[in-house]
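What follows is a single structure, written as structure tokens, with notes after it.
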Amino acid sequence: MDFDRDYAMLIDGRLDSGSARFDVLNPATEQVAGSVPDATQGDLDRAVDAARAAFPGWAATPIAERKAALNAMAQALLANIDGFKRLLTSEQGKPHAEAEREVMGAAYWLMGAASLDLPVTVNEDSADRYSETRRVPLGVVGAIAPWNFPLSLAMFKVAPALLTGNTMVLKPSPFTPLTTLKFAELVKDILPAGVLNIISGGDALGPWMTSHDGFDKISFTGSTATGRRVMESAAPTLKRVTLELGGNDAAIVMPDVDVEKVASDLFWAAFRNNGQICIATKRMYVHKDVYEPLKEAIAAYAKTVKVGDGSEQGTQIGPINNEGQYRRVLELIQDAKDKGYKFLVGGEKADVPGYFVPVTIIDNPPEDSRIVQEEQFGPVLPLIKFDDYDDVIARANASEYGLGGSVWGGDEDKALEIAQRIASGTVWVNETQYLSPTAAFGGMKQSGVGVEGGVEGLLEYTSAQTIVRRKRAPVAA
């Protein structure tokens, strides 16, 4: 497979170069990384029609065979790690090591989902009747994946949808479609034609999908603002939705942590993937007893981290993925400067090509500041001092978001007690960002609707069907 050219859509089992194309930029250089198809409404209609035609046969395929297909896709990914990681770095910006972990994570998610089974509930088994509730597929799913983890987060949708017997049309972000289109080329002969269709396009394609009456469900990962529009667009046809949206995750650091041991873990909780993770720590509350030494330890560690082109050896943090997000991060930094907040490190725009922002840590800004209240989605972290657990829990929960959170401390029982009071879909104790295909992941409040992962995630792609059988059939006179 040639990863440097020939990016095509997959529609009804055939690769399609489309009638128009657009360029994808490398965020480290602002140069063109590749040219991809710009799908028309006609292309979308063909993809939906192909998925609809393939649905009866795929839904009737034994689940063991569907599991085998997921495992085959995973193995194909693992056999092509090097090509995928380099391509992913060129379009997303993350360092090669991080890109490799994403490709492996995508394969892991496919295999993990394939280990799950759909439940069957026996409601009654009496002398008169047998009643059971089983899960049946919805039909055709429209999946819209984001740019921060384009391959792995696409598999969050592909794996459960296909395992449960649905067919799909998948749209990658226009900022990062290259790896997803190469994935289409990789798996086109593994799945029956029409089961998985992958199309690329600009800003118009997403709304076309969410309002299209050929979809039975939309699965979307992205911002809360866009998620609201997706839900509104899906409402006229009562499409099911799974929405994995934004977060303003809080970390609470207790006074009994080992400062030197925990500093690097806390740094990467905020800055992994350049902070472009919905479950990255966006606000870090540190107890007053360890605030001063911990802020110095984190700032010192930050100065050792190499920021640069992800394709260069030794790079640990790459660029912001796209110009719009780059300018938003710079705006938040400028607001903090204008308000006179103290910067421990960073704060200056990098004077180099590409969308680079230096690692930036802000010292104890006020609770009502923009950098505390808004999701930055970039390499900027506010450290905030606290001295009362009830107060810090209230502050952590005082957000429209409720995606993730973390608690760090030597007293694990106390840390667990605090974690159980955090109003987020996932809360980690002494780690963060660990997700599993066998465990449910979703947000509270305006961080989302529904869940991904685990049996609960499978159920999101199904309807409940209850079959009631009378055991004593009527006898003819």
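Computed from heavy atoms alone, side chains included, the values below leave out hydrogens, waters and symmetry copies.
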Worked check of side-chain hydrogen bond (donor to acceptor under 3.5 Å, both in side chains) between R228 and Q446: CA-CA 9 Å; R228 295 188 189 108; Q446 294 194 42; 2.4 Å; yes
Nearest atoms (heavy-atom pairs only) where V307 meets G318: CG1-O, 4.2 Å
Please say whether more than 12 non-hydrogen atoms of neighbouring residues, nucleotides or ligands are located less than 6.0 Å from CD in E30. yes
Report yes if some heavy atom in the side chain of L118 is under 4.5 Å from a heavy atom in the side chain of L459; otherwise report no. yes
Strictly by modelled atom types, are T226 and R229 linked by a side-chain donor-acceptor pair under 3.5 Å? yes
In the structure I gave you, are the side-chain heavy atoms of T242 and E452 within less than 4.5 Å of one another anywhere? yes
Between the main-chain N or O of V230 and the side-chain N or O of S233, is there a donor-acceptor pair closer than 3.5 Å? no
Between W58 (side chain only) and L162 (backbone N and O only), is there a donor and an acceptor less than 3.5 Å apart? yes
Interatomic distance, CG@N148 vs NZ@K94, rounded to 0.5 Å, equals 7.0 Å
Could you tell me whether R46 and D16 make a salt bridge, using a distance below 4.0 angstrom between a side-chain N and a carboxylate O? yes
Would K217 pass as a cation-pi partner of Y461, given that its NZ or CZ must be under 6.0 Å from the six-membered ring centre and within 45 degrees of the axis? yes
Residue R21 excluded, over 12 heavy atoms near CZ under 6.0 Å: yes
Student check: side-chain heavy atoms of F271 and Q316 closer than 4.5 Å: no
Looking at E400 and K445, does any basic side-chain N land under 4.0 Å from a carboxylate oxygen? no
Within a 6.0 Å radius of atom CG on D203, are there more than 12 heavy atoms belonging to other residues, nucleotides or ligands? no
Determine, step by step, whether F149 and W109 satisfy the ring-ring contact (aromatic ring centres under 6.0 Å, His included) criterion, reporting the C-alpha distance in whole Å, the side-chain angles of both residues, the deciding distance to 0.1 Å, and the verdict. CA-CA 13 Å; F149 287 87; W109 207 268; over 10 Å; no
Any Lys/Arg nitrogen of D12 or K188 sitting under 4.0 Å from an Asp/Glu carboxylate oxygen of the other? no
Keeping the roles fixed (side chain from S152, backbone from A106), state whether a donor-acceptor pair exists under 3.5 Å. no
Spatial distance of atom CZ (F84) from atom CG (L186) [nearest 0.5 Å]: 5.0 Å
Q31 (side chain) donor-acceptor with L25 (main chain) under 3.5 angstrom: no
Does a side-chain N-to-carboxylate-O contact under 4.0 Å join R52 and D216? yes
Interatomic distance, I144 atom CD1 to E244 atom CD [nearest 0.5 angstrom]: 13.5 Å
Does a side chain donor of either Q465 or R135 reach within less than 3.5 Å of an acceptor in the other side chain? no
Side-chain heavy atoms of L163 within contact of K67, under 4.5 Å: yes
Donor-acceptor check, side chain of K171 to backbone of L205, threshold 3.5 angstrom: yes or no? no
Taking atom types as modelled, is there a side-chain donor on E91 or T176 under 3.5 Å from an acceptor on the other? no
Candidates N273, N26, T179 - the one meeting side chain to side chain contact (heavy atoms under 4.5 Å, CB included) with Q92: N273
T466 side chain near E132 side chain, heavy-atom distance below 4.5 Å: no
How far apart are the closest heavy atoms of N274 and P379, and which atoms are they? OD1-CB, 3.0 Å
Answer yes when R328 and E331 have at least one side-chain N-carboxylate O distance shorter than 4.0 Å, and no when they do not. no
Determine whether a donor-acceptor pair (N or O, by modelled atom type, separation under 3.5 Å) exists between the side chain of T315 and the backbone of D309. yes
Hey, are the side chains of M9 and D43 touching, using non-hydrogen atoms and a 4.5 Å cut-off? yes
So how far is it from L151 CG to L178 CG, rounded to the nearest 0.5 Å? 11.5 Å
Between Y355 and Y326, how do the two ring planes meet: parallel, tilted or perpendicular, split at 30° and 60°? tilted
Without swapping roles, check the side chain of R283 against the backbone of R395 for a donor-acceptor pair under 3.5 Å. yes
R240 and S463: which non-hydrogen atoms are nearest, and at how many Å? NH2-OG, 3.0 Å
What's the verdict on side chain to side chain contact (heavy atoms under 4.5 Å, CB included) for V141 and T167, showing C-alpha distance, side-chain angles and the deciding distance? CA-CA 6 Å; V141 175; T167 54; over 6 Å; no
Any side-chain heavy atom of L458 sitting closer than 4.5 Å to one from P119? no
To the closest 0.5 Å, what do you measure between CD (E98) and OG1 (T89)? 9.5 Å
Hey, is the main chain of M168 close enough, under 3.5 Å, to the side chain of N197 for a donor-acceptor pair? yes
Between P172 and I199 the two heavy atoms that sit nearest each other are CD-O, 3.2 Å
Do N166 and T164 pair up side chain to side chain, a donor and an acceptor below 3.5 Å, judged on atom types alone? yes
Side chain to side chain contact (heavy atoms under 4.5 Å, CB included) for S219 and V241? Distances and angles first, verdict last. CA-CA 6 Å; S219 180; V241 294; over 6 Å; no
Using the rule given for salt bridge (Lys or Arg N to Asp or Glu O under 4.0 Å), can you reason through D125 versus K471, listing the C-alpha separation, both sets of side-chain angles and the distance that settles it, and then say yes or no? CA-CA 10 Å; D125 188 2; K471 289 185 175 179; 2.6 Å; yes
Within 45° cone of F220 ring axis and under 6.0 Å: K157 NZ or CZ: no
Hey, is the main chain of A269 close enough, under 3.5 Å, to the side chain of Q433 for a donor-acceptor pair? yes
Would M111 and Q75 satisfy side chain to side chain contact (heavy atoms under 4.5 Å, CB included), going step by step from the backbone distance to the final call? CA-CA 9 Å; M111 292 186 288; Q75 294 306 313; 3.6 Å; yes
Are the ring centres of W428 and F441 closer than 6.0 Å? no
Nearest heavy-atom approach of G378 to V329 is CA-CG2, 4.0 Å
G246 to E375 - nearest heavy-atom pair and separation: CA-OE1, 3.7 Å
For D249 and S406, does a side-chain donor sit closer than 3.5 Å to a side-chain acceptor? no
Could you walk me through whether F183 and M73 pass the side chain to side chain contact (heavy atoms under 4.5 Å, CB included) test, one step at a time? CA-CA 9 Å; F183 176 76; M73 290 191 289; 4.0 Å; yes
Within 45 degrees of the axis of the six-membered ring of Y7 and under 6.0 Å from its centre: does K182 put its NZ or CZ there? yes
For E431, look at atom CD and say whether over 12 heavy atoms of other residues, nucleotides or ligands are found less than 6.0 Å away. yes
To the nearest 0.5 angstrom, please state how far the CD1 atom of I81 sits from the CG atom of L88. 12.0 Å
Any side-chain heavy atom of P27 sitting closer than 4.5 Å to one from N322? no
Using only atom types and a distance under 3.5 Å, with no angle test, would you say the side chain of N248 pairs donor to acceptor with the backbone of Q373? yes
